[in-house]
Amino acid sequence: MNTPAHRSKRGTTLAPVAVENQDLPALSNPCPTTRSAPATSIPDLAGTKLRPVGPSLRAQRGFQAYWLGEATALAGSSVSAVALPVIAAMELDAAPGQVSTLASAVMAPGFLLALPAGVAGDRCSKKRLMVGTDLTSAAVVAVVPACWAAGALSMPVLYCVALLLGALTVLHQAAAIAIVPELVEPHLVPAANAQVMGAFAVAGSAGTYGGTAAVSLLGAVRCLLLDSASYLISAWCASRIPTVRTLRHPAGPRPGVITAIREGIAHVLRDPLQRPLVLTMAYHAFAEGIVTTYFAYYLLTELHYGSAGLGLVLGAVGVGSLGGALVARRLADRIGPGVVLLVGFAAYPMCGMPLLLARPGPGWLIALASASAVQAVAVTAAASTQRSLRQRLCPPRLQSRVQQTSVWLVAGARLLAALTAGAIADAAGVWAALLTGMVLLLGPVALLWVSPVRNLKVMPVPATALPAPPGDR
């Protein structure tokens with residue numbers, strides 16, 4: 001499931017809610033500048049729920065700087081997500097195929113570079129990667145208004161900008177998501193992930209609507225300067241994160257990139273809890289991708305709700321995503337992470353049924369918006385829970401690689417879903433594609449039901465560092 005919001009950098013969608021990708025555990029001895037007291041207890045898989053004693057999330061100054069920077073950059077990138085297609089269509093008279101190519105250029109690096117980015121995230125300073133990718137992204141985005149001012153703007157320029165931003169996004173995510181458990185106490189990881197997702201829900205919605213207004217007032221090209229500025233703010237915030245403890249790697253030659261990638265994949269496949277989680281996420285991404293490919297198109301062309309109706313539904317999704325982020329930790333504590341995940345995945349196809357039954361008219365529009373909001377609550381709560389769960393299960397030295405294994409599978413599933421949706425729509429129509437996706441969305445529920453994940457009553461004990469493989473010694 002994707003977290004609420006996909007940005008051109010961190011990811012933004014025009015569809016109901018995509019349960020996100022990516023994640024990992026806390027260091028056993030973090031930097032003292034980010035913590036004031038250790039937690040005294042953490043529940044295990046079969047243990048009694050104990051209330052940890054330690055500093056609150058608000059006391060984690062490093063996390064608060066991180067949170068502000070990421071949310072600001074997401075809002076800025078949501079503006080450019082509106083502006084780029086407008087520039088292509090209105091300024092450059094791009095054909096539909098060129099607009100599709102532009103969208104694919106942003107997505108492709110997620111599949112091609114996710115695994116190598118995971119190796120970089122584990123081997124390099126996450127803080128430096130975040131600052132470096134933000135500064136580079138600010139420069140890349142500024143290329144478009146610079147070329148426009150010089151009269152040299154063209155579709156190849158937009159393609160290059162989209163590819164570079166996509167690649168920088170992958171590298172940034174490999175560090176930005178995996179660094180969260182290093183910034184907060186282990187027992188605060190679920191609350192931290194929920195706060196991040198809540199901020200992204202608000203920033204993504206505000207950025208999309210604000211971007212639409214800004215494009216009308218300032219023009220699409222000038223709006224990209226706002227995105228460039230947001231990256232600079234994000235870089236400054238990341239630079240304010242106190243340096244966290246760096247993991248010490250064993251002496252001797254490091255294994256090659258391919259060997260390091262295989263180690264991350266092997267860890268996911270061996271773990272009895274992470275394996276079904278990651279495979280479920282990939283399956284969900286494929287089925288959901290079929291639905292979201294034509295979600296906005298169906299509302300606009302078949303149901304004739306117009307841009308106002310589409311905005312109402314997307315706004316309901318944003319509100320629901322925020323609500324899901326706010327209740328995620330409490331739900332996991334009260335009913336267990338296994339139940340939260342099952343309910344979240346089951347809610348997606350159930351709440352998607354109004355889309356298949358809807359007809360033109362305000363009554364159906366309100367019903368669809370309400371169902372989308374409920375869907376977003378359940379799915380976002382499940383997304384936050386699965387991220388925290390995987391962060392606790394993964395040893396620190398494999399954080400980015402395990403996270404990026406999930407990113408790679410989800411990105412590949414979404415690319416395949418777009419092709420599959422197009423083939424079904426060409427053969428049987430858009431409604432048939434939506435129906436196919438909804439039916440396939442029952443699969444993730446079945447996968448979780450037969451896995452040990454559904455039996456989780458509490459969050460597991462954070463994983464400790466695994467012994468180094470022979471190639472690392």
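Please read these numbers as outputs of a predicted model, since none were measured by experiment.
When all heavy atoms are compared, the tightest approach of Lys127 to Ile241 is NZ-O, 2.7 Å. Closest heavy-atom contact between Ala316 and Ala369: CB-O, 3.3 Å. The two residues Pro354 and Trp364 make their nearest non-hydrogen contact at O-CZ3, 4.2 Å. Of all heavy-atom pairs between Val317 and Ser372, the closest is CG2-CB, 3.8 Å. The nearest pair of heavy atoms linking Pro337 to Thr385 is CB-CG2, 3.6 Å. Annotation for Thr280 and Pro444: closest pair CG2-CB, 3.7 Å, computed over non-hydrogen atoms.
Of the possible donor and acceptor atoms, none in the side chain of Gln173 sits under 3.5 Å from a partner among the backbone N and O of Gln403. Listed for the Gln386 side chain is a donor-acceptor partner under 3.5 Å among the backbone atoms of Ala383. Remark: the backbone N or O of Val377 is not paired with any side-chain donor or acceptor of Thr380 at under 3.5 angstrom. A distance-only check finds no donor-acceptor pair linking the side chain of Arg454 to the backbone of Leu448 [under 3.5 Å].
Applying the side chain to side chain contact (heavy atoms under 4.5 Å, CB included) test to Thr436 and every residue at least two apart in sequence or in another chain returns Ile424, Leu440. Pro276 pairs by the side chain to side chain contact (heavy atoms under 4.5 Å, CB included) definition with Ser451, Val453, not counting sequence neighbours. Remark: Leu416 pairs with Phe286, Thr420 by the side chain to side chain contact (heavy atoms under 4.5 Å, CB included) rule, at least two apart or across chains. Every residue was checked against the ring pair (Phe, Tyr, Trp, His ring centres under 6.0 Å) condition with Tyr283, not counting sequence neighbours, and none meets it. The side chain to side chain contact (heavy atoms under 4.5 Å, CB included) check on Leu164 picks up Val140, with sequence neighbours excluded.
Residue pairs meeting the ring-ring contact (aromatic ring centres under 6.0 Å, His included) criterion with at least one member in residues 402-422, sequence neighbours excluded: Phe111-Trp408. Applying the ring-ring contact (aromatic ring centres under 6.0 Å, His included) test to pairs two or more places apart or on separate chains, none has a residue in residues 383-406.
From Arg123, atom CZ reaches atom OG of Ser400 across 12.0 Å, with rounding to the nearest 0.5 Å. How far OH of Tyr294 is from CG of Leu299: 15.0 Å, rounded to the nearest 0.5 Å. The structure places CZ of Arg392 at 13.0 Å from CG of Leu273, a figure rounded to the nearest 0.5 Å. Once rounded to the nearest 0.5 Å, the distance linking OG of Ser137 with CG of Leu171 reads 9.5 Å. Atoms OG and CG, on Ser384 and Leu341 in that order, are 10.0 Å from each other to the nearest 0.5 Å. Rounding to the nearest 0.5 Å gives a distance of 10.5 Å between CD of Gln64 and CG of Leu183.
By the 4.0 Å N-to-carboxylate-O rule, Glu263 lies close enough to Arg397 to be salt-bridged with it.
Applying the 6.0 Å contact sphere to CZ of Arg240 captures no more than 12 heavy atoms from other residues, nucleotides or ligands.
Put simply, the side chain of Tyr348 does not reach to within 4.5 Å of the side chain of Val445, judged on heavy atoms. Taking the side chain as every heavy atom from C-beta outward, Ile233 and Asp134 never approach each other to under 4.5 Å.
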- For Arg262 and Ile258, what are the C-alpha separation, side-chain angles and deciding distance, and is it a side chain to side chain contact (heavy atoms under 4.5 Å, CB included)? CA-CA 6 Å; Arg262 290 175 59 186; Ile258 299 300; 4.1 Å; yes
